S.K.: 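Here it is, the structure, as structure tokens.
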Amino acid sequence: MFKPFTASGFPARVSPIPYLSLAFLSQTGMSFVQQGLVVLGTFFAIQYHLNLTQLGFVTSALSFGVMVSMVFIGLTVDRLGPRVVLFWGAFLMSGLCFLLTQVNLFGTLLIVLFLAGAALAIVPAAGTKAVFTAFAGRPRGLVMGIRQTGVPIGAALSAWLLPQMASHTGLRPVYYIFVCELLLTSWAFVAVMQPWNRVSAAAERVKLRRTDWLKLLRPLSVAVLMVSGQYILLTYTISDLHQGHHLTLVTAGEVLALSQIGGGLGRIGLGQLSDYLGGRRPPAIALAAALGTTFAFIVGVLPARVPVVVLFIIWFILGFAAAGWNALVLTWAGESVPPSHSGLAMSLAGSTVFLGATIFPPLFGFVVDTSHRLAFGWWFLSAVLAIAAGVAWRSARSLSKSP
């Protein structure tokens, strides 16, 4: 087996490090838009006069679009290859972001966000398959973690930049930036991807067996629970810190940005840990879930007046846990099936992630709106992550007993 970054035998047009760098850039560009639209929820709430439950539906519309389309895109990527799909998908994604500039009603916003989410699914579906295939025969935990670090880094950049930008310029210039960077980051990665041999890919295709589907259910069940932390953190951090702890919107955005950097470090660190454990992904996921359970509970018991530095530290650790698990679940899913179906498996995992992202933010908002206390929302999240920790740990023990 080759080491991850050995140039010898690498199938792409460039060596592993620049290839992975452009894969990371592509994912960061997509995340800056997809998670940036979630971060902008506070500005949508102001513009459209939304309560917290309605704000949750902004996230849900986007996530539901990704969830619905991702499996179909994964199947397409398995057949046509990631290069073709990402090249043409860049046009569709940027076009829908441009369409956001014409939206004036909340109902129309939800429809366009759904369509934008459906298109944005192209980047993770094509990107995971491209990296997973290029690094075949090499330890994948670290490289998949680095690529997936683009998700929280994109979210961190959006949390840091977009509140400041939208406060001064409004939303329309933000949408124009989305259009340009989606085209640039997508096509830069396309330029270095290896050619896709459709004949060879079809020849290697085997039918998924019942045992393959049963193995795949494990990462899917963990994914739908773990994503609660990632998207509740994105959707409600700024509102909580602004209303509950009296931070300015800009400072709250900086806290959220640091939490996403923590998530990025989590994806790299937990990926490396899983490689160290011989490619066993569930124990590392269980660790992240347990850490998230603890710190979500801590957020719920915080008093209103807390030193800002303490908030930065708590949200950094919560981000490490709440956003650090994602690459492991995708890799675990891809490794649960024959290689010819890895795109489908990882897209199913991604679709399941966005199912949870569709469900949990409105539930959090409903809990808070009903109880009139943000603490109950964070304790609800703590309970969900505790269940995820239990499921991941049970999967880890089950895999350790397998021959």
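Because only heavy atoms are used, hydrogens play no part in the values below, and waters and symmetry mates are left out as well, while side chains stay in. Just so you know, these numbers come straight off a predicted model, no measurement behind them.
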S.K.: Does W187 use its side chain to pair, donor to acceptor, with the backbone of F87 at less than 3.5 Å?
M.R.: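 Yes, the answer is positive, given that a donor and an acceptor are paired below the 3.5 Å cut-off.
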S.K.: Going through the distances and angles, do I111 and F114 end up as a side chain to side chain contact (heavy atoms under 4.5 Å, CB included)?
M.R.: CA-CA 5 Å; I111 294 171; F114 168 80; 5.7 Å; no
S.K.: Please determine if D275 and R280 form a salt bridge, counting it only when a charged side-chain N lies under 4.0 Å from a carboxylate O.
M.R.: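 Here D275 does not pair with R280 in a salt bridge, since their nearest N and O are not under 4.0 Å apart.
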S.K.: To the closest 0.5 Å, what do you measure between CE (M70) and CG (L344)?
M.R.: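 So the gap between those two atoms works out to 12.0 Å.
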S.K.: Whether the side chain of S186 engages the backbone of L183 through a donor-acceptor N/O pair (distance < 3.5 Å, no angle test) should be reported.
M.R.: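 No, because the side chain of S186 does not come within donor-acceptor range (under 3.5 Å) of the backbone of L183.
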S.K.: Could you tell me which non-hydrogen atom of A304 sits nearest to which non-hydrogen atom of H245, and how far apart they are?
M.R.: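 Closest approach of A304 to H245: O-ND1, 3.1 Å.
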S.K.: I'd like to know if the side chain of H242 and the backbone of T248 have a donor-acceptor N/O pair within less than 3.5 Å.
M.R.: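 No, the answer is negative, given that no donor and acceptor are paired below the 3.5 Å cut-off.
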S.K.: Check whether S259 reaches the backbone of F316 with its side chain - one donor and one acceptor, N or O, closer than 3.5 Å.
M.R.: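 No, S259 side chain to F316 backbone: no donor-acceptor pair under 3.5 Å.
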S.K.: Say you draw a straight line from OG of S336 to CG of L348; how long is it, rounded to the nearest 0.5 Å?
M.R.: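 Spacing of OG (S336) from CG (L348) equals 11.5 Å.
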S.K.: Under a 3.5 Å distance rule, please check whether R267 uses its side chain to pair with a backbone N or O of A323 as donor and acceptor.
M.R.: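 Yes, R267 side chain to A323 backbone: donor-acceptor pair under 3.5 Å.
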S.K.: Report yes if the distance between the aromatic ring centroids of F364 and W378 is under 6.0 Å, otherwise no.
M.R.: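 Centroid separation for F364 and W378: below 6.0 Å.
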S.K.: What distance separates Q272 CD from I146 CD1, expressed to the nearest 0.5 Å?
M.R.: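 With rounding to 0.5 Å, CD (Q272) is 8.5 Å from CD1 (I146).
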S.K.: A321 and G292: which non-hydrogen atoms are nearest, and at how many Å?
M.R.: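 Scanning both residues, the minimum pair turns out to be CB-N, 3.4 Å.
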S.K.: Considering non-hydrogen atoms only, spot the tightest contact between L225 and L385 and give its length.
M.R.: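 Shortest heavy-atom separation between L225 and L385 comes out as O-CD2, 4.2 Å.
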S.K.: Can you measure from CG (L40) to CD1 (I238) and round to the nearest 0.5 angstrom?
M.R.: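 L40 atom CG to I238 atom CD1 measures 8.5 Å (nearest 0.5 Å).
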S.K.: Taking all atoms of both residues into account, what is the closest heavy-atom pair of Q230 and V151, and its distance?
M.R.: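 Heavy atoms of Q230 and V151 come nearest at NE2-CG1, 3.7 Å.
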S.K.: For the atom pair CD1 (I285) and CG (N326), what is the distance rounded to the nearest 0.5 Å?
M.R.: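 Here the interatomic distance stands at 9.5 Å.
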S.K.: Check for a donor-acceptor pair, side chain of S351 on one end and backbone N or O of S347 on the other, with a separation under 3.5 Å.
M.R.: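 Pair absent, no side-chain N/O of S351 close to backbone of S347.
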S.K.: Considering residues, nucleotides and ligands other than F44, do more than 12 of their heavy atoms fall under 6.0 Å from its CZ?
M.R.: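 Counting neighbours around CZ of F44, more than 12 heavy atoms of other residues, nucleotides or ligands fall under 6.0 Å, so yes.
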S.K.: With no hydrogens and no angle check, is any side-chain donor or acceptor of T6 less than 3.5 Å from a backbone partner on S8?
M.R.: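 Flag not set: sc T6 to bb S8 has no pair under 3.5 Å.
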S.K.: For the residue pair R172 and T101, confirm or rule out a side-chain donor-acceptor distance under 3.5 Å.
M.R.: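 R172 vs T101: no donor-acceptor pair found between side chains.
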S.K.: Work out which heavy atom in P282 is nearest to a heavy atom in A392; give both atom names and the distance.
M.R.: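 That would be CB-O, 3.6 Å.
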S.K.: So that I know where these two stand, are F178 and F98 an aromatic pair - ring centroids less than 6.0 Å apart?
M.R.: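 Not close enough - the centres of the two rings lie 6.0 Å or further apart.
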S.K.: Quick check: does any side chain N or O of Y231 sit under 3.5 Å from a backbone N or O of I359, one acting as donor and the other as acceptor?
M.R.: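 No: the side chain of Y231 does not pair with the backbone of I359.
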S.K.: Which residue pairs pass the side chain to side chain donor-acceptor pair (under 3.5 Å) test with at least one member in residues 22-33, sequence neighbours excluded?
M.R.: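 Listed by first then second residue: Q27-R147.
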S.K.: Assign the ring pair F135 / Y19 to parallel, tilted or perpendicular, where the plane angle (0 to 90°) is split at 30° and 60°.
M.R.: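 Tilted, since the angle between the ring planes falls between 30° and 60°.
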S.K.: Please name the pair of heavy atoms, one in V353 and one in V227, separated by the smallest distance, quoted to 0.1 Å.
M.R.: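 Smallest heavy-atom distance, with atoms named: O-CG1, 3.1 Å.
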S.K.: To the nearest 0.5 Å, what is the distance between SG (C97) and CG (L115)?
M.R.: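 Between atom SG of C97 and atom CG of L115 there are 11.5 Å.
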S.K.: Just checking Y276: does its OH atom have more than 12 heavy atoms from other residues, nucleotides or ligands closer to it than 6.0 angstrom?
M.R.: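 Count not over threshold, so no.
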S.K.: Check whether S221 reaches the backbone of R218 with its side chain - one donor and one acceptor, N or O, closer than 3.5 Å.
M.R.: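 Yes; at least one donor-acceptor contact below 3.5 Å.
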S.K.: Does CH2 belonging to W393 count more than 12 external heavy atoms closer than 6.0 Å?
M.R.: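 No.
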S.K.: More than 12 non-hydrogen atoms from neighbouring residues, nucleotides or ligands closer than 6.0 Å to CZ on F10, yes or no?
M.R.: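 Atom CZ in F10 is crowded, with more than 12 foreign heavy atoms closer than 6.0 Å.
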